[in-house]
Amino acid sequence: MSNPPPSPPSLQDLRKEIDAIDEQVHRLLMARGDIIDRLIQVKKTQEVGSAFRPAREASMMRELVRRHRGILPLDTIESIWRVIISTFTYVQAPFAVHADVSVGESAMRDSARFHFGFVVPYVSHFSAQAAVEAVAKSKGDLALVSAIASRTPWWNALEASGAPKIIARLPFLERADHPAALPVFVISRVADDAMVTEVQTWSVRVSGWNADVARALAPLAEIVAVPDTAFDGAALLVSVTGHDFEAIKLALIKAGASVRSSALVGSHATRYTVPSNGSART
């Protein structure tokens, strides 16, 4: 005579399992806090400015995609990790996020809150230039500005030695229907060894800028352009993968433009896209 199948666990048993897991998660977060406390003592982070580490964070978010499985949406996992990472970064060295809301206040606020949570102070500005100026005067604050459009060449302020630089492009994980999909640059001062240089960002002033020149550069780099009527040209923010900026200059000249000046104003990780099937690609 066969044995009857085991009865399924009761709701009470399953809830006890969930409570046990919740307790483990909480204890692990507290243990992470203890390590951060020791890290502060070792690195004396509060004396050197921002603890933001764009290279490490980009790597962590990519690993999150590779590791994730199950019914929990990636949006939820990413937002939880962003709050954990940003809050512990803030604990190491308090900072504020200065956001240019001229591109849309709700979209920029969604991006700031999704990526940095509610513990980190949020300060809105009505221009990218004002947000960048606030960061330049701060010890370790961050600025968020649009990565796809601008009314003014705010990146000119990043050219000087010692000025803040572009250090990241958000979101770290791009996908359709991302809850914080607005592409933004993060601007701050961080240690050189914290930077990721997969994509370089250059401030370029050109003469002879027109639609034909723009089309010639489109396959080679991402470009934000602001007209410069004084020199019949434009101020460009050029994002180029790798270290092949010379190819951009040659393409500009070949298309009929003249390069008046150029300066490296930052770098960030390559765009990391998560298609609907969940397999990430760069």
Side-chain angles (χ1 to χ4, degrees), residues 32 35-36 39 43 45 48-68 73-93 95 97 99 108 110-117 120 135 140-148 155 158 164-176 178-202 221-222 224 237-245 264-275 278-282:
R32 195 183 198 277
I35 296 172
I36 294 296
L39 182 68
K43 297 179 66 176
T45 312
V48 298
S50 176
F52 190 65
R53 293 294 181 267
R56 177 166 168 76
E57 292 197 16
S59 177
M60 291 171 70
M61 301 315 295
R62 294 178 183 187
E63 185 58 33
L64 196 69
V65 173
R66 299 188 186 104
R67 187 173 61 231
H68 185 59
L74 182 59
D75 288 345
T76 303
I77 288 295
E78 183 185 2
S79 64
I80 290 171
W81 250 256
R82 289 305 315 158
V83 169
I84 291 172
I85 293 169
S86 297
T87 301
F88 279 118
T89 301
Y90 178 78
V91 169
Q92 291 183 60
F95 66 95
V97 171
M108 185 60 80
D110 285 349
S111 181
R113 291 312 188 194
F114 183 91
H115 292 102
F116 299 100
V120 177
V135 167
D141 290 355
L142 309 179
L144 301 184
V145 301
S146 172
I148 55 175
W155 49 87
L158 311 184
K165 306 296 181 186
I166 294 170
I167 62 172
R169 187 185 192 277
L170 300 177
F172 284 118
L173 307 176
E174 298 190 28
R175 56 190 178 277
H178 193 292
L182 178 68
V184 298
F185 286 128
V186 182
I187 300 158
S188 187
R189 294 187 183 90
V190 297
D192 290 342
D193 61 0
M195 295 289 286
V196 54
T197 59
E198 295 169 352
V199 177
Q200 290 186 334
T201 52
W202 289 79
E222 292 185 351
V224 179
L237 179 61
V238 180
S239 300
V240 56
T241 302
H243 300 79
D244 198 18
F245 180 66
L264 182 65
V265 293
S267 61
H268 60 83
T270 53
R271 296 172 62 178
Y272 195 72
T273 305
V274 184
S279 57
R281 60 183 172 85
T282 56

Would you give the length of the straight line joining atom [atom1] of [X] to atom [atom2] of [Y], rounded to the nearest 0.5 angstrom?
| X | Y | atom1 | atom2 | answer |
| --- | --- | --- | --- | --- |
| Leu158 | Ile166 | CG | CD1 | 6.0 Å |
| Leu64 | Ile80 | CG | CD1 | 9.5 Å |
| Phe172 | Arg82 | CZ | CZ | 5.5 Å |
| Glu78 | His178 | CD | NE2 | 3.5 Å |
| Thr89 | Arg53 | OG1 | CZ | 9.0 Å |
| His68 | Ile77 | NE2 | CD1 | 5.0 Å |

So, does [X] use its side chain to make a donor-acceptor pair with the main chain of [Y] at under 3.5 Å?
| X | Y | value |
| --- | --- | --- |
| Ser267 | Val196 | yes |
| Ser79 | Asp75 | yes |
| Ser86 | His115 | yes |

**Asked** When you look at Phe114 and Leu170, which way does the side chain to side chain contact (heavy atoms under 4.5 Å, CB included) test go after all the steps?
**Response** CA-CA 10 Å; Phe114 183 91; Leu170 300 177; over 6 Å; no
For [X] against [Y], the heavy-atom pair lying closest together:
| X | Y | value |
| --- | --- | --- |
| Ile148 | Arg169 | CG2-NH2, 4.3 Å |
| Asp141 | Val135 | O-CG1, 3.5 Å |
| Met108 | Ser146 | CE-N, 4.3 Å |
| Ser239 | Thr201 | OG-CG2, 3.5 Å |
| Ile85 | Met61 | CD1-SD, 3.9 Å |
| Ala181 | Pro171 | O-CD, 4.1 Å |

**Request:** Evaluate the side-chain proximity of Leu237 to Val265: yes if any heavy-atom separation is below 4.5 Å, no if none is.
**Result:**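 Yes, their side chains come closer than 4.5 Å.
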**Request:** For residues Val186 and Leu144, determine if any side-chain heavy atom of one lies less than 4.5 Å from a side-chain heavy atom of the other.
**Result:**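 The answer is yes; the side chains approach within 4.5 Å.
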**Message:** Counting neighbours of CZ on Arg32 that are heavy atoms of other residues, nucleotides or ligands and sit closer than 6.0 Å, is the number greater than 12?
**Reply:**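 Yes - once you tally the heavy atoms of other residues, nucleotides and ligands closer than 6.0 Å, there are more than 12.
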**Request:** Look at the rings of Phe185 and His268 and say which category their plane angle falls in: under 30° parallel, 30 to 60° tilted, over 60° perpendicular.
**Result:**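 Phe185 and His268: tilted rings.
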**Request:** If the plane angle is over 60° it's perpendicular, under 30° parallel, otherwise tilted; pick one for Phe52 and Phe116.
**Result:**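 The rings of Phe52 and Phe116 sit tilted, inter-plane angle from 30° to 60°.
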**Request:** Taking atom types as modelled, find out whether Thr270 and Glu198 have a side-chain donor-acceptor pair closer than 3.5 angstrom.
**Result:**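 Per modelled atom types, Thr270 and Glu198 side chains form a pair under 3.5 Å.
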